[in-house]
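Working notes, structure below.
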Protein chains: 2
Amino acid sequence: MSTTHTDVPASLPHPVPAAEYQACPVTDVMRLLGDKWTLLLITLLGRRPYRFNELHRAVDGISQRMLTRTLRSLEVDGLVEREVFPTVPPSVEYRLSPLGVSLLEPVSALAAWAVGHHAEITRARGSTEN
Amino acid sequence: MSTTHTDVPASLPHPVPAAEYQACPVTDVMRLLGDKWTLLLITLLGRRPYRFNELHRAVDGISQRMLTRTLRSLEVDGLVEREVFPTVPPSVEYRLSPLGVSLLEPVSALAAWAVGHHAEITRARGSTEN
DNA sequence: CAGCATCCGGTCTGATACTG
DNA sequence: CAGTATCAGACCGGATGCTG
């Protein structure tokens with residue numbers, strides 16, 4: 001069988017040209033959302049637009065570097081829109097794009113599962129006696 | 001505001017004791033599912049039980065090492081059950097636990113989104129002119 | 001068959017310092 | 001305010017060789 005995962009060249013010189021990742025949409029999307037801050041930012045931006053430092057304060061724990069990188073990445077993937085206001089000092093606003101908004105629903109479903117079952121996971125980890 | 005994310009010690013000696021990750025159930029679950037192979041394995045095991053080498057062939061592209069590690073991790077988190085048959089040569093079967101089965105629904109929702117919107121993401125990436 | 005041990009390059013993330 | 005640049009440590013994931 002093999003899932004759609006390897007309806008792809010299948011054997012490459014290494015390191016794999018990243019094309020492999022885009023082969024499976026699900027894998028690609030998970031690698032997009034699976035980093036440390038992305039979901040949190042999407043959730044926040046799902047409520048309203050935020051300015052850079054506003055996000056920095058809201059998320060707290062995130063470094064300036066990771067905030068920039070994560071937002072950039074979301075922008076490149078078309079999930080977030082970035083609007084610069086040429087004021088002084090500069091002001092930049094981030095908001096979810098329509099594509100980003102459409103992601104809120106499935107993400108909410110997953111979030112609900114996480115909240116509802118996290119205790120079970122923790123219990124399982126504990127009973128493995130760490 | 002700050003989301004539930006840092007209703008946690010908030011400042012630690014480093015490296016952070018992993019407790020921070022478990023603070024937000026959603027973040028924790030995403031870090032659980034967000035690696036390269038987990039979702040693919042869950043999807044496969046959602047269809048029927050598999051033996052180790054059967055999975056190895058099915059997923060292809062995955063190394064033996066990562067297959068072992070990913071399955072181990074899923075087992076520790078209580079999403080997958082591992083049954084050893086003391087035959088010779090040995091035989092091990094992996095199946096989704098009830099908790100793992102319950103994950104199929106939200107994951108399917110996300111997968112559906114991925115399939116439905118992957119083209120838009122690709123287009124967005126392209127128009128950023130790489 | 002179903003692993004484990006070792007090595008290693010690449011990536012992720014944070015800390016810190018600097019800038020238009 | 002909203003970043004960029006640099007450095008460094010931890011982690012991810014693959015390759016290879018060995019074993020009960």
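Quick note on labels: first sequence line is chain A, next is B, and so on, each numbered from 1.
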Report which part of the nucleic acid A:Phe85 touches: base, sugar-phosphate, or nothing (heavy-atom distance under 4.0 Å, all strands). nothing
Please check the phosphate of [N] (OP1 and OP2 only) for any side-chain N or O of [X] closer than 4.0 Å.
| X | N | answer |
| --- | --- | --- |
| B:Arg69 | C:dC4 | no |
| B:Tyr50 | C:dC1 | no |
| B:Arg72 | C:dG3 | yes |

Please step through salt bridge (Lys or Arg N to Asp or Glu O under 4.0 Å) for the pair A:Glu120 and A:Arg123, ending with a clear verdict. CA-CA 5 Å; A:Glu120 291 177 65; A:Arg123 202 175 322 128; 5.4 Å; no
Could you check how far [atom1] of [X] sits from [atom2] of [N], rounded to whole Å?
| X | N | atom1 | atom2 | value |
| --- | --- | --- | --- | --- |
| A:Arg82 | D:dA2 | CZ | C1' | 8 Å |
| B:Leu40 | D:dG13 | CG | P | 13 Å |
| B:Ile62 | D:dA15 | CD1 | P | 12 Å |

Under-4.0 Å salt bridge between B:Asp35 and B:Arg69: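 Salt bridge flag = no for B:Arg69 with B:Asp35.
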Electrostatic pair B:Glu54-B:Arg48, nearest N-O below 4.0 angstrom: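 Answer for the salt bridge query: yes.
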Taking only residues at least two apart or on different chains, which pairs with a member in residues 59-115 of chain B satisfy ring pair (Phe, Tyr, Trp, His ring centres under 6.0 Å)? B:Trp113-B:His117
Any salt bridge (charged side-chain N to carboxylate O under 4.0 Å, His left out) pairs touching residues 106-118 of chain B, not counting sequence neighbours?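 Every candidate salt bridge (charged side-chain N to carboxylate O under 4.0 Å, His left out) pair involving residues 106-118 of chain B fails, so no pair, neighbours aside, qualifies.
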Just how far is it from atom CG of A:Leu39 to atom OG1 of A:Thr70, taken to the nearest 0.5 Å? 11.0 Å
Could you work out, with side chain to side chain contact (heavy atoms under 4.5 Å, CB included) as the rule, every residue matching A:Ser63, not counting sequence neighbours? A:Arg65, A:Met66
With B:Pro49 via side chain to side chain contact (heavy atoms under 4.5 Å, CB included) - residues at least two apart: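 B:Glu93, B:Arg95.
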Through what angle, rounded to 10 degrees, does the axis of the helix from C:dC1-D:dG20 to C:dG20-D:dC1 turn between its ends, using five pairs per end? 50°
Passes side-chain contact (heavy atoms from CB on, under 4.5 Å), A:Leu32 versus A:Leu79? Steps please. CA-CA 10 Å; A:Leu32 200 163; A:Leu79 297 175; 3.6 Å; yes
Check every atom of C:dG20, D:dG3, D:dG13 against the side chain of A:Gln64 and return the nucleotide holding the closest atom. D:dG3
Could you write out each protein N or O paired with an N or O of nucleotides 5-7 of chain C at a distance under 3.5 Å?
{"residue": "C:dT6", "atom": "O4", "partner": "B:Arg65", "partner atom": "NE", "Å": "3.2"}

